[in-house]
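Because only heavy atoms are used, hydrogens play no part in the values below, and waters and symmetry mates are left out as well, while side chains stay in. Chain letters run A, B, ... following the sequence lines, proteins first, then strands; residues in each count from 1. The structure displayed is predicted, hence computed values, not measured ones.
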Protein chains: 2
Amino acid sequence: MPRSQLHRLGDLQLRIMQVLWQRGEATVAEVHAALGARPRFAYTTIATMLRKMEARGLVRHRAQGRAFVYRAAVAERQVSRGMAEHVLDRLFAGSLSTMVSHLLTAREVSAEELAELERLIQERKRISRKETHIKKGDARHEPDSSRLD
Amino acid sequence: MPRSQLHRLGDLQLRIMQVLWQRGEATVAEVHAALGARPRFAYTTIATMLRKMEARGLVRHRAQGRAFVYRAAVAERQVSRGMAEHVLDRLFAGSLSTMVSHLLTAREVSAEELAELERLIQERKRISRKETHIKKGDARHEPDSSRLD
DNA sequence: ACGATAGTACTACTACGGTAATATGTCAAA
DNA sequence: TTTGACATATTACCGTAGTAGTACTATCGT
């Protein structure tokens, strides 16, 4: 399952993945129940999606009696980053500030959110400063702890 | 052309839209040329896409001699916001700070970007403070200047 | 007048997300 | 032991992005 194309997830697939990420494992019935009403999916819809998703390498399953227990085969971080970066690159030319600017004017943001954003940026500035002091360029952070298994 | 589903744009459609946003107007040949090599699309591929996109209300055209001159029918801001908000809501539960946190650890961000982010947040805090003082709730900013025509 | 060129229109096909009905198999209870 | 509940497997259909060949048409240069 190549990490490529990890940003192409439809809404339903995403919701299913979220159930699996949350629970670790889940049978078709459990996923189906977790998705609940609004709209009410047919049981077989979920089963079919899960099989298609397994073919794409997004999930895996093991048999437990008659039932299949599914689990995610890709980490939430990978998907989140993949999709976020895709939008960032395709729509905002990779400029995080441009994207944030759009989102700040497009929706309500609570004071807590703003404070948290500020904290993140200060934190990042601190790290950047330190790295720049130690060595210029060749910054090798992010130990890629985004593996599963 | 309903604003709904404005976040479902494939990569090629997006690239075509970007050409139109940049130039205001463009013939099929111009779009095709602007997309250039890597990969080299067939001329008819672009023409077909443009026709499909017109059917979806993304672009419009007028005839100029034999040729069609296309222009965007939706503003870049609408699409950018639509797609960014979609990812934000679906993947990060609407939390901007969570998304930024992911992106900050996922990629390099220049000092200038960080400074700009900081500026944006300060700016936004200032506005929020003012609004809160004037009235609590019922904040009616964003004059929605995202129309085209 | 005529053929080359440059347009659009039509048609077709693959891939995939979404959606689900139907078929088939299996286990357990009556 | 038959039946019903529950499970997966198979099949099918729609929409749409992507990709492009082929057909038709208008115009321009000679």
* Rounded distance in Å - NE2 (H7(B)) to P (dG17(C)) -> 16 Å
* Which part of the nucleic acid, if any, lies within reach of T27(A) when heavy atoms closer than 4.0 Å are counted: base, sugar-phosphate only, or nothing? -> nothing
* To do: State which of dT11(C), dT8(C), dT19(C) makes the closest approach to the side chain of K52(A).
  => dT19(C)
* Look at all strands and tell whether A67(B) reaches a base, only sugar-phosphate, or nothing, counting heavy atoms closer than 4.0 Å. => sugar-phosphate
* T45(B) side chain near dA20(D) phosphate (N/O to OP1/OP2, under 4.0 Å) -> yes
* Is it true that the side chains of Q64(A) and T27(A) contain a donor and an acceptor less than 3.5 Å apart? -> no
* Asked: Of all the nucleotides listed (dG18(C), dA17(D), dG7(C)), which has the minimum atom distance to the side chain of A29(B)?
  -> dG7(C)
* To do: Would you tell me if any nitrogen or oxygen in the side chain of R51(B) comes within less than 4.0 Å of OP1 or OP2 on dA9(C)?
  => yes
* Starting at the 5' end of DNA chain D and moving along, which residue's nearest nucleotide shows up first, R8(A) or A47(A)? -> A47(A)
* **Spacing of M17(A) atom CE relative to dG17(C) atom C1', expressed in whole Å** => 15 Å
* Structure fact -> When rounded to whole Å, the CZ to P distance for the pair R62(B) and dT8(C) reads 13 Å
* Separation of dT19(D) P from L35(B) CG (nearest whole Å) -> 10 Å
* Check whether any side-chain N or O of Y43(A) sits under 4.0 Å from OP1 or OP2 of dT8(D), and answer yes or no. => yes
* Structure fact -> E54(A) atom CD is separated from dA7(D) atom C1', nearest whole Å, by 15 Å
* **Whole-Å gap separating P (dA17(D)) and CZ (F41(B))** => 15 Å
* Among all residues two or more places apart in sequence or in another chain, which pass the ring-ring contact (aromatic ring centres under 6.0 Å, His included) test with H61(B)? -> F68(B), Y70(B)
* Asked: Are Q18(A) and E76(A) close enough that a side-chain donor and a side-chain acceptor fall under 3.5 Å?
  -> no
* Nearest whole angstrom, please: distance from the C1' of dT8(D) to the NE2 of H32(A). => 15 Å
* To do: With the side chain of T44(A) defined as its heavy atoms from C-beta on, choose the nearest nucleotide among dT8(C), dA20(D), dA20(C).
  => dA20(C)
* Looking for any heavy atom pair under 4.0 Å, which part of the strands does A42(B) touch: base, sugar-phosphate only, or nothing? -> sugar-phosphate
* **R56(B) side chain near dA17(D) phosphate (N/O to OP1/OP2, under 4.0 Å)** => yes
* Does a sphere of radius 6.0 Å around CD in Q122(B) hold more than 12 heavy atoms from other residues, nucleotides or ligands, not counting ones at 6.0 Å or beyond? -> yes
* To do: Nearest-nucleotide wise, let me know which of L12(A) and R66(A) is further upstream toward the 5' end of DNA chain C.
  => L12(A)
* Asked: Roughly how many Å is it from CG in L50(B) to P in dA17(D), rounded to a whole number?
  -> 13 Å
* **E116(B) bridged to R119(B) by N-O distance under 4.0 Å** => yes
